[in-house]
Amino acid sequence: MKPTRRDFLKKSAVTGAGAIVAPTVLSANVFGANDRINAAVLGVHGRGGSHISAFMNQPNVQVTTLCDPDLNVAGKKAKDFKEKYGKEVKTIQDLRHVMDDKDIDVISIATPNHWHSLAVIWACQAGKDAYVEKPGSHNVWEGRKMVEAARKYNRIVQHGVQLRSSPAIQEAVQLMRDGYIGRVYMARGLVFRWRGDIGDKGFSPVPAGVDYDLWTGPAPMRPFTENLVHYNWHWHWDYGNGDVGNQGIHETDMCMWGLDVGLPSKITSMGGKFLWNDCKETPEVLTSVYHYPDEDKIIQFEVRPWCTNTEDGVTVGNIFYGDKGILVIDGYNEYKTYLGQNREPGKSGSDGQMQASGMARGDSGTDGHFANFIDAVRKQDSSVLNGPVESAHLSSALAHLGNIAYRTGRVLTFNPEAERFVNDPEADLMLKRNYRAPYVVPENV
């Protein structure tokens, strides 16, 4: 019987990740339960702080190195580290020196998005396991290269989508797999976050202690501006991917996981900047639709930045629609079900919902996801991972495809097998970027 596109997508979404779970040759560095794992954190200004805490909360794991192109940030974090843990920690400005350090076993990557895939690839090539913040990639092409590197070098790569380690959300997915809300045909992702006017600070000299060439990395070199460093790079195409590629990756991942699909074949997206005349390039408001005609499934995704309604009480989360009811995921650790035309509360716990203790988005939720990563590292077994590298590529790629549809302004047809658009060279150009030497994602990893 000839394989169908549905068969291929299931392989891509599920067993594709399995291609890396049973390496034929294990790393020489296989950890026992009592062996200390040395960790480095790349990018410590924002989310990296949670990475530090999460590693230090794992048994027999030690953060030995903090790396940031801004030595002012690295120095402050090192001072905070000593005050909190009573230990010195090394600070390094250039992540290439981290890759060269044979004493470092694992790295976590909390850099801006445009560095994520290349840092993972370099880590794999250096024989290190990696935890990478969402999104796993800045564009579709480099995400696939990240997967190829993990497979080639038999490395453990975890994607930073903590809800995959939440017992409540795992239970919710199992309910859908068991048919509790019937045939699940639609997923809706919601990212309603308060994002204000960021103004335009113009250009300025590079501050002392900042290696702006390193910060820029694979992206084009532009004059220094506080519009980018340290947070608002999220809203500029060369470095970030807007909120669908920021907060939204948790929800794109959840949509695909819950629907049990890979990448779509039809994408359309519309939105814009309607509120402020600031320096953001990415849209403030974005509505994207991803269609799976062969599977009779569809994903709707909404990004809103300001005053809005909630949807079943949710502002950041997901809603799944089946022919028997709906399942609502609120944030990172709760779900509710409603069955039938009268929306009767379903089997989601005694009060209509289940909440998993200690699985909020903060340090406790991060801790659980890092514990899963460290477990896989000790066993050198990718099948243990809740957020494996293939899922990192796919959930990030879904966001990228929506952004490409927005930027081209038309309905796009996509070939998931080839990971290219159909007869659309303009859209194909947006699947990849021009890399600035020496920070280049190679064709052959």
Side-chain angles (χ1 to χ4, degrees), residues 37-57 61-85 87-101 103-123 126 128-138 158 160 201 204-219 221-236 238-240 246 363 366 370 373 436 438-439:
I37 294 175
N38 292 329
V41 179
L42 311 185
V44 295
H45 179 263
R47 188 69 182 144
S50 295
H51 288 211
I52 295 168
S53 298
F55 270 138
M56 292 300 290
N57 287 338
V61 176
Q62 178 65 48
V63 174
T64 62
T65 304
L66 305 181
C67 178
D68 200 288
D70 187 342
L71 289 179
N72 306 295
V73 169
K76 181 181 184 305
K77 288 294 183 180
K79 182 174 179 291
D80 294 344
F81 187 94
K82 185 173 182 180
E83 290 176 357
K84 184 173 183 179
Y85 300 108
K87 298 178 181 179
E88 299 284 350
V89 65
K90 186 189 302 183
T91 58
I92 293 179
Q93 192 170 35
D94 191 332
L95 76 169
R96 289 169 291 191
H97 298 320
V98 175
M99 306 302 174
D100 292 338
D101 189 337
D103 292 330
I104 294 173
D105 305 304
V106 302
I107 66 168
S108 66
I109 300 158
T111 63
N113 298 359
H114 66 287
W115 259 111
H116 286 184
S117 288
L118 183 56
V120 169
I121 291 166
W122 282 357
K128 303 183 191 307
D129 299 316
Y131 180 109
V132 60
E133 264 300 330
K134 46 74 187 169
S137 64
H138 182 257
Q158 174 91 305
K201 297 184 178 179
S204 58
V206 178
V210 176
D211 188 329
Y212 186 54
D213 178 77
L214 273 172
W215 187 94
T216 301
M221 177 58 71
R222 300 183 183 278
F224 181 87
T225 173
E226 293 180 13
N227 295 331
L228 303 176
V229 181
H230 279 290
Y231 185 79
N232 286 326
W233 53 264
H234 279 293
W235 325 125
H236 296 264
D238 281 338
Y239 318 96
N246 178 33
D363 286 348
T366 301
F370 269 82
F373 169 62
R436 189 175 69 93
Y439 312 104

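Aromatic ring pairs are classed by plane angle as parallel below 30°, tilted from 30° to 60° and perpendicular above 60°; the pair Y231 and W233 is tilted. Ring orientation note: the planes of F373 and Y131 are nearly perpendicular, at an angle over 60° on the 30°/60° scale. Relative orientation of the Y85 and F81 rings is tilted, given thresholds of 30° and 60° on the angle between their planes.
Residues D100 and R96 are not paired through a salt bridge, judged by the lack of any N-O separation under 4.0 Å between the basic side chain and the carboxylate. Salt-bridge formation is detected for the pair D213/R436: a Lys NZ or Arg NE/NH1/NH2 atom is positioned less than 4.0 Å from an Asp or Glu carboxylate oxygen. The pair K90-D101 counts as a salt bridge, with a side-chain nitrogen and a carboxylate oxygen less than 4.0 angstrom apart.
Contact record, A39 with V61: CB-CG1, 4.4 Å, taken as the closest heavy-atom pair. Summarising the geometry of N38 relative to T64, their closest heavy-atom pair is OD1-CG2, 3.6 Å, with the distance given to 0.1 Å.
Y439 has its ring centre less than 6.0 Å from the ring centre of W115.
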Between N227 and H236, does the side chain to side chain donor-acceptor pair (under 3.5 Å) criterion hold? Intermediate values first, please. CA-CA 9 Å; N227 295 331; H236 296 264; 5.7 Å; no
Pair N113, K134 - check side chain to side chain donor-acceptor pair (under 3.5 Å), show working. CA-CA 8 Å; N113 298 359; K134 46 74 187 169; over 6 Å; no
Side chain to side chain contact (heavy atoms under 4.5 Å, CB included), that's the test. Do Y212 and M221 meet it? Break it down for me. CA-CA 9 Å; Y212 186 54; M221 177 58 71; 3.6 Å; yes
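The side-chain heavy atoms of F370 and H51, taken from C-beta on, include a pair separated by under 4.5 Å.
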